[in-house]
Q: 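First the structure, then my questions, so here it is.
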Amino acid sequence: MVQSISKSRSMEKKLIQEAEVEEQMEDKLTKKGGDEHVASKGSVLQSRCNRWKETAAILIPNLVFNPSNSLSSISNFLPVRNPNYLPQLRRLRLSSAYSSSITEENGHCHQTEGEIHVIVGPMFAGKTTTLLRRIKSESSNGRNAAVIKSSKDTRYGLDSIVTHDGEKLSCWPLEALSSFKERIGLEAYHKLEVIGIDEAQFFEDLYDFCIKAADHDGKTVIVAGLDGDYLRRSFGVLDIIPIADTVTKLKARCEVCGKPAFFTLRKTEETEREVVAGADVYMPVCRNHYLTGQKVKQAARNVQETHNLQCGSFL
Ligand SMILES: Nc1ncnc2c1ncn2[C@@H]1O[C@H](COP(=O)(O)OP(=O)(O)O)[C@@H](O)[C@H]1O
Ligand SMILES: Cc1cn([C@H]2C[C@H](O)[C@@H](COP(=O)(O)O)O2)c(=O)[nH]c1=O
């Protein structure tokens, strides 16, 4: 065991030395320019890629490699268990000059690794406020950002997200996330670094969109939405938790007692899952007042039914 670790270490060292020599060669080639540069750089990368794969297979026994064997698939390594090998894996990923998550600007390569951040909570918990602030802060840090919201939410006009306090930011109102690329245009999409999604519970293709945007296109995706509906059943956003980097559950203030509120009570009798509305129909409540609220609603229903029955028997 000890022997095999020290063998791995010395191979690892050799591999890094080789990579450094190749990086110097590549720098020289880059200075040449033209077709000669592209062809030579391609063959240097191909041979390096092959050697990475051979050596990695010995060094990291748990590593699984996509057999398609192309230069672009080097980033398809699955995670390894031994954390000592993580720096090595990082180098492997960085060496993939053709991976979709690497962009080249002014001659410099940038690794843009995708991220997914999820903000959930009941209504009035500050989800839109948090999303809006994160997007504004990303923009002021020079990152290219856009916000999408569900076109089902027509409460405050279509082309902006608006918090319950009236704070605003313009956005793309969409029926389905799959139409975003086409709506914004391919060039603009490629330039985007951060994508915010509000009212995410209304998008059926949320999972597919997020996984593609983060894993394949290297975007930072910030998603805000309800985790539960008025009956406290999962409301779609929970599907993306397994693919998220972070999950933040916010709380509101219970409108009955002022304690932290994690649930949304529907005050009206509508039973459809989706009813777009604000404080006229919904209120944030604590567990105790959610249960009381449901009981009060049930009692009111019983009274109504008895009343209807009595009225019916008089006719
Ligand atoms: N019961 C409540 N608890 C907490 N905030 C409330 C409540 N009623 C109204 N608000 C207001 O709503 C704001 C949050 O709005 P918003 O970010 O749009 O929430 P969300 O997107 O989660 O519905 C709070 O800053 C607060 O001023
Ligand atoms: C609980 C619940 C809510 N909705 C709707 C009501 C609003 O239009 C949005 C939530 O907006 P917010 O930004 O979180 O305030 O969702 C619904 O359709 N069904 C429900 O059960």
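These values consider heavy atoms only, across backbone and side chains, with no hydrogens, waters or symmetry-generated copies. Note that this is a predicted model, so its numbers are computed, not measured. Just so you know, ligand 1 is whichever comes first in the structure, and atom 1 is the first atom listed for that ligand.
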Q: Nearest protein heavy atom to atom 2 (C) of ligand 2, by residue and atom, and its distance?
A: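 Protein heavy atom with the smallest distance to atom 2 (C) of ligand 2: Tyr282 CE2, 3.5 Å.
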Q: Please tabulate, one pair per line, all N/O donor-acceptor pairs under 3.5 Å involving side-chain atoms of residues 236-246, not counting sequence neighbours.
A:
{"unit_1": "Asp245", "atom_1": "OD1", "unit_2": "Ile116", "atom_2": "N", "d": "2.8"}
{"unit_1": "Thr246", "atom_1": "OG1", "unit_2": "His117", "atom_2": "ND1", "d": "2.6"}

Q: Grab the two heavy atoms, one from Lys259 and one from Cys286, that are nearest each other, plus how far apart they are.
A: CB-CB, 4.5 Å
Q: Report the member of Thr129, Ile119, Thr130, Asp198 with the shortest heavy-atom distance to atom 16 (P) of ligand 1.
A: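 Minimum heavy-atom distance to atom 16 (P) of ligand 1 goes to Thr129.
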Q: How about Lys251: does its NZ atom have over 12 heavy atoms from other parts shown lying under 6.0 Å from it?
A: no
Q: With a 3.5 Å cut-off and sequence neighbours excluded, list the donor-acceptor pairs that the side chains of residues 182-189 form with protein atoms.
A:
{"unit_1": "Glu187", "atom_1": "OE2", "unit_2": "Lys191", "atom_2": "NZ", "d": "3.4"}
{"unit_1": "Tyr189", "atom_1": "OH", "unit_2": "Asp217", "atom_2": "OD2", "d": "2.6"}

Q: Tell me yes or no: between the side chains of Gln298 and Arg301, is some donor less than 3.5 Å from an acceptor?
A: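 On atom types as modelled, these side chains qualify, holding a pair under 3.5 Å.
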Q: With only distance considered, is Phe124 within less than 3.5 Å of ligand 1 through an N or O on each side?
A: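 There is such a contact, yes.
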Q: Which atoms from ligand 2 have a heavy atom of Lys127 less than 4.0 Å away?
A: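 Listed by number with element: 14 (O).
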Q: Between Arg155 and ligand 2, which part of the residue brings a heavy atom under 4.0 Å of the ligand: side chain, backbone, both or neither?
A: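 It is the side chain that gets close, since no backbone atom is under 4.0 Å.
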Q: Would you kindly specify which portion of Glu255 sits under 4.0 Å from ligand 1, judged on non-hydrogen atoms: side chain, backbone, both or neither?
A: side chain
Q: Between ligand 1 and Thr128, is the shortest N or O to N or O distance under 3.5 Å?
A: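 Among all N and O atoms of Thr128, at least one is under 3.5 Å from an N or O of ligand 1.
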Q: Taking the side chain from Asp229 and the backbone from Arg233, do they hold a donor-acceptor pair closer than 3.5 Å?
A: yes
Q: How close do Leu250 and Phe262 get, counting heavy atoms only, and between which atoms?
A: O-CD2, 4.4 Å
Q: Under 4.0 Å, heavy atoms only, figure out whether ligand 2 is touched by the backbone of Val281, its side chain, both or neither.
A: neither
Q: Would Val275 count as a contact of ligand 2 if the rule is a heavy atom under 4.0 Å away?
A: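 In this structure, Val275 qualifies as a contact of ligand 2 - some heavy atom is under 4.0 Å.
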Q: May I ask you to test the Val285-Glu255 pair for a side-chain heavy-atom distance under 4.5 Å?
A: no
Q: By number and element, which atoms of ligand 2 are closer than 4.0 Å to a non-hydrogen atom of Gln201?
A: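 In order of number, 9 (C), 10 (C), 16 (O).
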Q: Using the rule that two of Ile, Leu, Val, Met, Phe, Trp, Tyr join whenever any of their side-chain heavy atoms come within less than 4.5 Å, decide whether Val162 and Trp172 are in one cluster.
A: no
Q: Check this for me: Glu274, atom CD, are more than 12 non-hydrogen atoms of other residues, nucleotides or ligands nearer than 6.0 Å?
A: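 More than 12 within 6.0 Å, yes.
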Q: Measure the distance from atom 15 (O) of ligand 2 to every protein heavy atom, then report the residue, atom name and distance (to 0.1 Å) of the closest one.
A: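 Minimum-distance protein heavy atom for atom 15 (O) of ligand 2 reads His164 NE2, 2.9 Å.
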Q: Out of all atoms in ligand 2, which are within 4.0 Å of some heavy atom of Arg273? Include the element for each.
A: 17 (C), 18 (O), 19 (N), 20 (C), 21 (O)
Q: Polar contacts were defined as any N/O atom of the residue lying under 3.5 Å from an N/O atom of the ligand; does this apply to Ala125 and ligand 1?
A: yes
Q: May I ask you to check if Arg232 and Phe263 form a cation-pi contact, with NZ or CZ under 6.0 angstrom from the six-membered ring centre and within 45° of the axis?
A: yes
Q: Going by the side-chain contact (heavy atoms from CB on, under 4.5 Å) test, name the single residue among Val194, Asp198, Val118 that passes it with Ile222.
A: Val194
Q: Report yes or no: does a heavy atom of Lys152 sit under 4.0 Å from some atom of ligand 2?
A: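 Not so, Lys152 does not reach ligand 2.
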Q: Just need the protein heavy atom nearest to atom 3 (C) of ligand 2, so name the residue and atom and give the distance.
A: Leu226 CD1, 3.4 Å
Q: Taking only heavy atoms of Asp229, which atoms of ligand 2 are found under 4.0 Å from at least one of them?
A: 1 (C), 21 (O)
Q: Looking only at protein heavy atoms, identify the closest one to atom 7 (C) of ligand 2 and say how far it is in Å.
A: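 Minimum-distance protein heavy atom for atom 7 (C) of ligand 2 reads Ala277 O, 3.3 Å.
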Q: Could you tell me which atoms of ligand 1, counted from 1 in the order shown, lie closer than 4.0 angstrom to a heavy atom of Thr163?
A: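 So the atoms of ligand 1 that pass are 17 (O), 18 (O).
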Q: Show which atoms of ligand 2 fall inside a sub-4.0 Å distance from at least one heavy-atom site of Thr264.
A: 1 (C)
Q: State, to 0.1 Å, how close Lys136 and Lys168 come at their nearest heavy-atom pair, and which atoms those are.
A: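 Closest heavy-atom pair between Lys136 and Lys168: NZ-O, 4.1 Å.
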Q: Is the count of non-hydrogen atoms from other residues, nucleotides or ligands lying under 6.0 Å from Glu175 atom CD greater than 12?
A: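 Check fails, neighbour count at 12 or below.
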Q: Is there a polar contact between ligand 1 and Gly126, counting only N or O atoms under 3.5 Å apart?
A: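 Yes, there is a polar N/O contact under 3.5 Å.
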Q: Looking only at heavy atoms, which two atoms of Met283 and Phe124 are closest? And how far apart?
A: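 Result for this residue pair: CA-CE1, 4.5 Å.
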Q: Run the numbers for me: atoms of ligand 1, each under 4.0 Å from some heavy atom of Ala252, listed by number.
A: 3 (N), 4 (C)
Q: Which one holds for Pro122 and ligand 1: side chain close, backbone close, both close, or neither close, with close meaning a heavy atom under 4.0 Å?
A: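 Backbone only.
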Q: Taking a cutoff of less than 4.0 Å between a non-hydrogen atom of the residue and any ligand atom, is Glu272 in contact with ligand 2?
A: no
Q: Below 4.0 angstrom from a heavy atom of Glu199, which ligand 2 atoms are there? Numbered from 1 as shown, please.
A: 9 (C), 10 (C), 11 (O), 12 (P), 13 (O)
Q: Number the atoms of ligand 2 from 1 as they appear, then name those within less than 4.0 Å of a heavy atom of Val276, with their elements.
A: 8 (O)
Q: For ligand 2, which atoms sit closer than 4.0 Å to a heavy atom of Tyr230?
A: 1 (C), 20 (C), 21 (O)
Q: Which ligand 1 atoms are under 4.0 Å away from a heavy-atom of Asp165?
A: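 The list of qualifying atoms is 11 (C), 12 (O), 13 (C), 24 (C), 25 (O), 26 (C), 27 (O).
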Q: Return yes when atom CZ of Arg287 has more than 12 non-hydrogen atoms of other residues, nucleotides or ligands closer than 6.0 Å, and no otherwise.
A: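 It does not: Arg287 CZ has 12 such atoms or fewer within range.
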